[in-house]
Amino acid sequence: MQNQLFIHNTLSRKKELFEPINPPFAGMYVCGPTVYGDPHLGHARPAITFDLVFRYLLHLEYKVRYVRNITDVGHLVADLDEGEDKIAVKARVEQVEPMEIAQYYADRYFIFMDALNVKRPSIEPRASGHMIEQIVMVGKILDAGYAYEVNGSVYFDVEKYSKSYDYGKLSGRVLEDLISNTRSLEGQDEKRNAADFALWKKAQPEHIMRWPSPWGDGFPGWHLECSAMSTKYLGEYFDIHGGGMDLLFPHHESEIAQCQAAIGHESVKYWMHNNMITINGQKMGKSLGNFITLDEFFTGKHASLQQAYSPMTIRFFILQAHYRSTVDFSNEALQAAEKGLKKLVAGYETLMKLSPSPMASNPSPPAPLPGGEGSVPGGEGRIAAIQRDCYNAMNDDFNSPMVIASLFEGVRIINTVADKKDTLTAPELELLKNIFDTFLFDILGLKNEKANDQGELLDGLMQLVLSIRQKSRETKDWGTSDQIRDALQKLQIVVKDGKDGTAWDVG
RNA sequence: GGUUUCGUGGCCGAGUGGCUAGGCAGCGGUCUGCAAAACCGUCCACAGCGGUUCGACUCCGCUCGAAACCUCCA
């Protein structure tokens, strides 16, 4: 299987062939959460997007090191006093240690990401644990002459940097516009230029989170941790840097500048950005107050939710859109996703019960291949065509919606065979199972939730109940038969009479 | 105002210079004791106006509309 993976690089705004710097190794850094609130649907998007990338790279047998940070220090609160640290603010309100808050929400984040079947990254470094690296990096930027110190704070000199390099290359911004359009914030007079950003901020006396540095007690600037930690764990030049589109500017733009200034060259080969989740066409975000937490989704306890949605429904909902598109939240869309996923999983369960036919399956013309490359002489089988479509979709910038569409094609065939209107040979059946195992479970990372909450006890009971019902059906005792069916219905168990006996399903 | 992106059928969402997305919902049928499920068929489309082209939903321009970023945010 020849795999030519193309990745949309935000830097070039084009799809580029993925060629790792040091194969078979691949390094990926993704901006993780700021742990000062419960994870919401917006957090799920990048986690799932880059989980898909992680899983696919692993499938392609790259040796991947995936680093996703935990931000537990450093971000400013815009509408409060300058220099306040988000986590410190909340800590004072609740009268607990800042690190206690950070620990609590980091744990919550892990719990919900686990529920979404997001693989744990290789390393999850915390900003607070990398003060030395950050301070060293500030020192390097100062030494290189691209930063200046004022009153115990250190700022990046964007204007000077722009004389040699292109600040704005990632986001497409022009420095003059930045200078003329940046709002004036309190305390900005310390900066030489409005476009400059803090590398190190002096801590005010009341500031709880503070660390000693050559410039006095303070805390690191907004963009520093990612540069310091990606360099530490992935090296001065690595393959993929990911994050949400809202981080493009100024965060990632500034990361580029910091690395260029500190190291002498850029550090990222491919920049990837996932798009936002919207609610009523607006971004779902903490600051807008229109976010729904994952906990609320899983329990259904939110005014906007008509029902609870399972973790896999959320995952499937997100994967049904391409990662660079916005996804609009609605109950209708989630319910459609829930049904679609159920159909897919049910198809897989049916597949496991199918027996092969010794005969060749119905001949169907192979799908035409673009350019004719890779076509199989004598006609490619329709199952192989599904597999090929899945790979092509993944290789085309991780097009998960296309993968899902191909899997549905597989489901159609499975159901037709189960209906005895078609047959599959043993090799075809094997290949189909392999496709589902690989793409549905390994790569898309979906799992059969039903299998988890239904133990052997329930299974045995259902066998018993259905065999009794079957007997009454054989004697045409429809009253008893329907009574059982109706009673089960009330318990959310759906009875499905088929040609080969009766199946059942929860929900 | 600037930067970036987008506008696809009842809903969600792919894709392409000439040919099917897919899911959910609807309609008709097959199957079934009935129902459900499943399968088959079917309806509904590419914001508007120009241009390029033999041909554009797809390329170009304009208009209208939307979003993100420019301030912490995934």
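In what follows, every chain begins at residue 1, and chains take the letters A, B, ... in the order their sequences are listed. Predicted, not measured: the structure shown is a model, and the values here were computed from it.
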With a 3.5 Å cut-off and no angle check, do the side chains of [X] and [Y] form a donor-acceptor pair?
X        : Y        : result
A:Lys343 : A:Tyr348 : no
A:Tyr309 : A:Asn331 : yes
A:Tyr56  : A:Asn395 : yes
A:Asp328 : A:Ser330 : no

Report which part of the nucleic acid [X] touches: base, sugar-phosphate, or nothing (heavy-atom distance under 4.0 Å, all strands).
X        : answer
A:Gly42  : base
A:Leu247 : sugar-phosphate
A:Met245 : nothing
A:Lys339 : sugar-phosphate
A:Asn399 : sugar-phosphate

Parallel, tilted or perpendicular: which one describes the rings of [X] and [Y], with boundaries at 30° and 60°?
X        : Y        : result
A:Phe197 : A:Tyr167 : parallel
A:Phe439 : A:Tyr391 : perpendicular
A:Tyr109 : A:His43  : perpendicular
A:His273 : A:Trp271 : parallel

Sorted by number, the residues of residues 323-336 of chain A with heavy-atom contact under 4.0 Å to RNA chain B: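 Heavy-atom cutoff 4.0 Å gives A:Ser325, A:Thr326, A:Val327, A:Asp328, A:Glu332, A:Ala333, A:Ala336.
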Audit row: A:Asn9, A:Ser12, side-chain hydrogen bond (donor to acceptor under 3.5 Å, both in side chains) steps and yes/no: CA-CA 6 Å; A:Asn9 192 341; A:Ser12 65; 4.5 Å; no
Taking atom [atom1] in both [N] and [M], what distance in whole Å separates the two?
N     : M     : atom1 : answer
B:C39 : B:C44 : P     : 23 Å
B:C54 : B:C49 : P     : 23 Å
B:C57 : B:G1  : P     : 31 Å

From the options [options], select the nucleotide whose nearest atom is closest to the side chain of [X].
X        : options             : value
A:Ala321 : B:C69, B:C34, B:A14 : B:A14
A:Phe249 : B:G13, B:C70, B:G15 : B:C70
A:Pro401 : B:C69, B:G13, B:U4  : B:G13

Near-parallel close stack of A:Phe408 and B:G23 base (under 5.5 Å, under 30°):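 Here A:Phe408 fails the 5.5 Å or the 30° condition.
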Integer-rounded Å distance: B:A67 P and A:Asn274 CG: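 Atom-to-atom, A:Asn274 to B:A67, this comes out as 20 Å.
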All N/O contacts under 3.5 Å from nucleotides 37-42 of chain B to the protein, with atom names and distances to one decimal?
unit_1 : atom_1 : unit_2   : atom_2 : d
B:A38  : O3'    : A:Asn415 : ND2    : 2.9
B:C39  : OP1    : A:Asn415 : ND2    : 2.8
B:C40  : OP1    : A:Arg412 : NE     : 2.5

Salt bridge (charged side-chain N to carboxylate O under 4.0 Å, His left out) between A:Lys471 and A:Asp477, worked out: CA-CA 8 Å; A:Lys471 272 182 192 153; A:Asp477 178 5; over 6 Å; no
Ring centroid separation A:Phe298 to A:Phe112 under 6.0 Å: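 Yes; A:Phe112 has its ring centre under 6.0 Å from that of A:Phe298.
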From CA spacing to verdict: salt bridge (charged side-chain N to carboxylate O under 4.0 Å, His left out), A:Arg412, A:Asp422: CA-CA 11 Å; A:Arg412 220 203 76 243; A:Asp422 198 352; over 6 Å; no
Secondary structure of RNA chain B in dot-bracket form (Watson-Crick or G-U wobble, distances below 3.5 Å, | marking inter-strand pairs): (((((((..(((.....[...))).(((((.......)))))....(((((..]....))))))))))))....
